[in-house]
Protein chains: 2
Amino acid sequence: MKRKITLKQIARELDVSISTVSKALRNSAEISADTIQKVQAFAKLYNYRPNNIALSLKNRKTNTIGIIIPEIVHHFFSKVIRGVELVANKRGYNVIIGLSNESFSKEVINMEMLANGSIDGFILSMSKETLQQQDYHHFNETMSQGMPIVMFDRVVSEIQCDKVIVDDFKGAKTAVEKLINNKCKHIALITTKDYVSVGKLRTQGYLEALEEHKITPKADLILKVDDTLDYEVHLDALEAEIEQLFKSNKSIDGVFAVNELYALSAMKVARKLGLNIPNDVQVIGFTDGVLSKHATPSLTTVSQHAQQMGEKAADLLIDKLESDYNDEDEVYQTLVIATDLVERESTK
Amino acid sequence: MKRKITLKQIARELDVSISTVSKALRNSAEISADTIQKVQAFAKLYNYRPNNIALSLKNRKTNTIGIIIPEIVHHFFSKVIRGVELVANKRGYNVIIGLSNESFSKEVINMEMLANGSIDGFILSMSKETLQQQDYHHFNETMSQGMPIVMFDRVVSEIQCDKVIVDDFKGAKTAVEKLINNKCKHIALITTKDYVSVGKLRTQGYLEALEEHKITPKADLILKVDDTLDYEVHLDALEAEIEQLFKSNKSIDGVFAVNELYALSAMKVARKLGLNIPNDVQVIGFTDGVLSKHATPSLTTVSQHAQQMGEKAADLLIDKLESDYNDEDEVYQTLVIATDLVERESTK
DNA sequence: TCTTAACACGAAAACGTTTTCGTGACATCT
DNA sequence: AGATGTCACGAAAACGTTTTCGTGTTAAGA
């Protein structure tokens, strides 16, 4: 097994200097045609490739971006990664991935592990625990060291950086309006606790839609699920909560859920209680997942365009990295991506 | 905005040499207690962290592994990544990710982009196009340059390297035996073309189970789907093929499908044709996906333990990287992970 | 007082690049 | 013949580390 060949080895072999080899490979005018030919032939023969690490050190640029997400076995986040990887690759960047598992400390550790020169910038979505604790020091420290951050989806106004978000408020409002137009009179909301920024915004969209149509929101119809637990595991607990919601509000004829799991669970519970979807209850979920498409009945959704978010975030970050950044006059953008209502069988 | 601080800056500031700073930070016995104290205090104040790129260059070790997969918006692969990231992080490694999108050329490009020193080794699953073209030169070239590869799931015997696979043959056989024991007499198989290694093995498991129970396999009952298309998009085409299968074989009372999409589509078509699951037709899928769990009826599956595969693959790779590898006496392992039959509603 | 040892530190090399600058060998011009 | 210019190449610095080795100062031992 031979190691990768280096400039030094080529130089020694051909009895020229390292600089000559380097220049010859880059077709420098300083080098004679003979030498260029000789060096390039040798390099090709031995499949020479410049060592990336050495280049990174020299150029103080790794051409690598880090992406930190709370969870990867998740359609939204994996689609975002796909988008990031797509444009990163197109623009000559590698992608290092870190998972926080919704944990604050893992988020911090992950960032510290990368912020020591391994990458040029971050793309990230905050963990729930971070949102809850409202401790953002690691973001600010990273940025103060000159490493740019682009946040997506789960963002927070306290942090000054570029952001890519979906129009949670409007998406939710449109969805609820759809239910209202479909003659739903008693629309329930299944959402997260308020510290989850996107959950809060979607809740506000729900309220706004109701108010605009002169419907008084009823606290009974709003279920704020405590999702500090891993809900995939505690499915039964979730379903029990939803069942309780239905049982104490028999008049419910529409449900807006802020994520796929809540929506599907609502459908499951409704069916269990003998309700027909969409005739007795119509359901809409705020999700990009595949479950919606394959469920029976299939679920009407507010699409988040996850991949597009990833692409935009990557473009934003790389643009910033490649602008001869004027350091000081920092001006941060927030890109808002419009949602789409994807109508399927769970609504009329 | 201040850049990250370096040894050189600390040295200049404290009026000592770079070596002294370096040694002081590592508590070298060569350095006086006074100096150590002074340097460490300063370093802490300015939040000094050694530059990883410089370390990588010096040590000729990046502590980064690359993972190349055909698709990321996919439960199996994203679970594998989670496993890889888990042990990689635990053992102090970063993970760079590359997506081939089932394309040979993207797989090659991705590998070349990383094999120039950016990583210490690969974990990968081959793209379908690579399997089809049987062109493995990029794997062999990479390995001949001393960069280890661990392959998982989609492997091929022609390549000599460490591998982590699931017991496709036995898993399929067990599943089909389950159907046989459940009194199915006419068991259909929905599988891929044979060039997909795992599809072929699962097909063989199906055949073996039938033969051991003295059932003669019927070619009519075997549907080999051409999945060069992106099937998520061409769902209708897939369903049409399956519908054809059912219509020309009305006696079908059991279906074994080699992946989640095929299994779910089979259920959908069966329902459409007025068949009850599991009373008229029982279905089992070879998958780790979530759809199975949330489908109605939920799908009985052969579980692949994706996360475990990722963990094992990462351990295998890192073990090799950290063994003072004796280069020549290469001995490659193949880890086989047992499957589990997860019984749900689609079987009796 | 001279030798030796311990101590505390600095110089320099190495990892693999790219690039700036310097220089010796020629050729050309006056 | 002397001045000038071009050509083709090499030396060295720089990126940020770690580590080996050398060295000046001081203290201890004979």
Side-chain angles (χ1 to χ4, degrees), chain A residues 2-40 42-43 46-64 114-120 145-147, chain B residues 2-40 42-43 46-64 114-120 145-147:
Chain A
K2 39 186 182 177
R3 286 218 94 48
K4 290 221 66 165
I5 196 169
T6 69
L7 288 186
K8 190 193 273 194
Q9 293 172 44
I10 300 183
R12 193 184 314 141
E13 213 63 41
L14 298 182
D15 208 40
V16 291
S17 77
I18 295 181
S19 2
T20 302
V21 176
S22 176
K23 289 172 193 164
L25 289 174
R26 336 189 92 237
N27 288 308
S28 162
E30 286 183 48
I31 307 298
S32 72
D34 277 7
T35 311
I36 289 190
Q37 144 70 16
K38 186 177 61 174
V39 169
Q40 293 194 351
F42 191 91
Y46 284 90
N47 193 30
Y48 170 78
R49 294 277 175 275
N51 181 302
N52 221 313
I53 296 292
L55 285 179
S56 294
L57 183 58
K58 172 129 196 49
N59 302 330
R60 294 154 120 187
K61 180 121 177 24
T62 62
N63 272 17
T64 300
L114 297 180
N116 56 13
S118 300
I119 63 170
D120 295 334
Q145 290 182 353
M147 180 158 305
Chain B
K2 37 183 184 175
R3 287 218 92 49
K4 291 221 64 166
I5 196 168
T6 68
L7 287 185
K8 190 193 273 193
Q9 294 172 43
I10 300 182
R12 193 184 314 142
E13 215 63 41
L14 296 184
D15 208 43
V16 291
S17 76
I18 294 181
S19 2
T20 302
V21 177
S22 176
K23 290 172 193 163
L25 289 173
R26 336 191 90 237
N27 289 308
S28 161
E30 287 183 46
I31 308 298
S32 73
D34 277 6
T35 311
I36 288 190
Q37 143 70 16
K38 186 176 61 175
V39 170
Q40 293 194 351
F42 191 91
Y46 284 90
N47 194 28
Y48 170 79
R49 293 277 176 276
N51 181 302
N52 221 313
I53 296 293
L55 285 178
S56 294
L57 183 59
K58 173 128 195 49
N59 302 329
R60 295 154 123 187
K61 180 116 177 29
T62 62
N63 272 18
T64 300
L114 297 180
N116 56 13
S118 299
I119 63 170
D120 295 334
Q145 289 181 354
M147 181 159 303

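Basis for what follows: all heavy atoms, side chains included, without hydrogens, waters or symmetry-related copies. Letters go in sequence order (proteins before strands), and every chain restarts at 1.
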Between the NZ atom in B/K38 and the CG atom in B/D15, the distance rounded to the nearest 0.5 Å is 8.0 Å

Between the CE atom in B/M147 and the CG atom in B/L114, the distance rounded to the nearest 0.5 Å is 8.5 Å

Contact check, residues 11-20 of chain A vs DNA chain D, heavy-atom distance under 4.0 Å, returns A/V16, A/S17, A/S19, A/T20

Between A/L55 and A/P50 the two heavy atoms that sit nearest each other are CD1-CB, 4.0 Å

Sequence neighbours excluded, the answer for side chain to side chain donor-acceptor pair (under 3.5 Å) partners of B/N59 is none

Sorted by chain and residue number, the salt bridge (Lys or Arg N to Asp or Glu O under 4.0 Å) partners of A/E30 (sequence neighbours excluded) come out as A/K23

Applying ring-ring contact (aromatic ring centres under 6.0 Å, His included) to B/F42 and not counting sequence neighbours gives B/Y46

By side chain to side chain contact (heavy atoms under 4.5 Å, CB included), A/S22 pairs with (sequence neighbours left out) A/L7, A/R26

Exercise. Show your reasoning for whether side chain to side chain contact (heavy atoms under 4.5 Å, CB included) applies to B/R49 and B/N47.
Key: CA-CA 6 Å; B/R49 293 277 176 276; B/N47 194 28; 3.3 Å; yes

For A/D120, the side chain to side chain contact (heavy atoms under 4.5 Å, CB included) test, sequence neighbours excluded, returns A/K61, A/T62, A/N63, A/Y93, A/L321

To the nearest 0.5 Å, atom CD1 of B/I18 lies from atom CD of B/Q9 at 10.5 Å

By side chain to side chain contact (heavy atoms under 4.5 Å, CB included), A/L57 pairs with (sequence neighbours left out) B/I53, B/A54, B/L57

Item to complete: Find out whether B/Y48 and B/V21 are in side-chain contact, i.e. whether some heavy atom of one side chain is under 4.5 Å from a heavy atom of the other.
Response: no

Residues in residues 27-35 of chain B with a heavy atom under 4.0 Å of DNA chain C, by number, are B/E30, B/I31, B/S32, B/T35

With five pairs defining each end axis, the helix from C/dT1-D/dA30 to C/dT30-D/dA1 comes out bent, to 10°, by 80°

DNA chain D: first to last nucleotide in contact with chain B (atom under 4.0 angstrom from a heavy atom), 5' to 3', is D/dC15 to D/dC21

The correct set of residues in residues 52-59 of chain A placing a heavy atom under 4.0 Å from DNA chain D is A/L57, A/K58

*asked:* Just to be sure I understand the rule, does A/S22 reach a base, reach only the sugar-phosphate, or reach nothing, if contact means heavy atoms closer than 4.0 Å?
replied: base

| task | Quick one: do B/L14 and B/V39 satisfy side chain to side chain contact (heavy atoms under 4.5 Å, CB included)? Show the steps, please. | result | CA-CA 8 Å; B/L14 296 184; B/V39 170; 3.9 Å; yes

Applying side chain to side chain contact (heavy atoms under 4.5 Å, CB included) to A/I36 and not counting sequence neighbours gives A/A24, A/N27, A/I31, A/Q40

- Query: Heavy atoms under 4.0 Å, any strand shown: does A/K8 hit a base, just sugar-phosphate, or nothing?
  - Reply: sugar-phosphate

CD1 of B/I10 to OG1 of B/T20, rounded to nearest 0.5 Å, is 12.0 Å

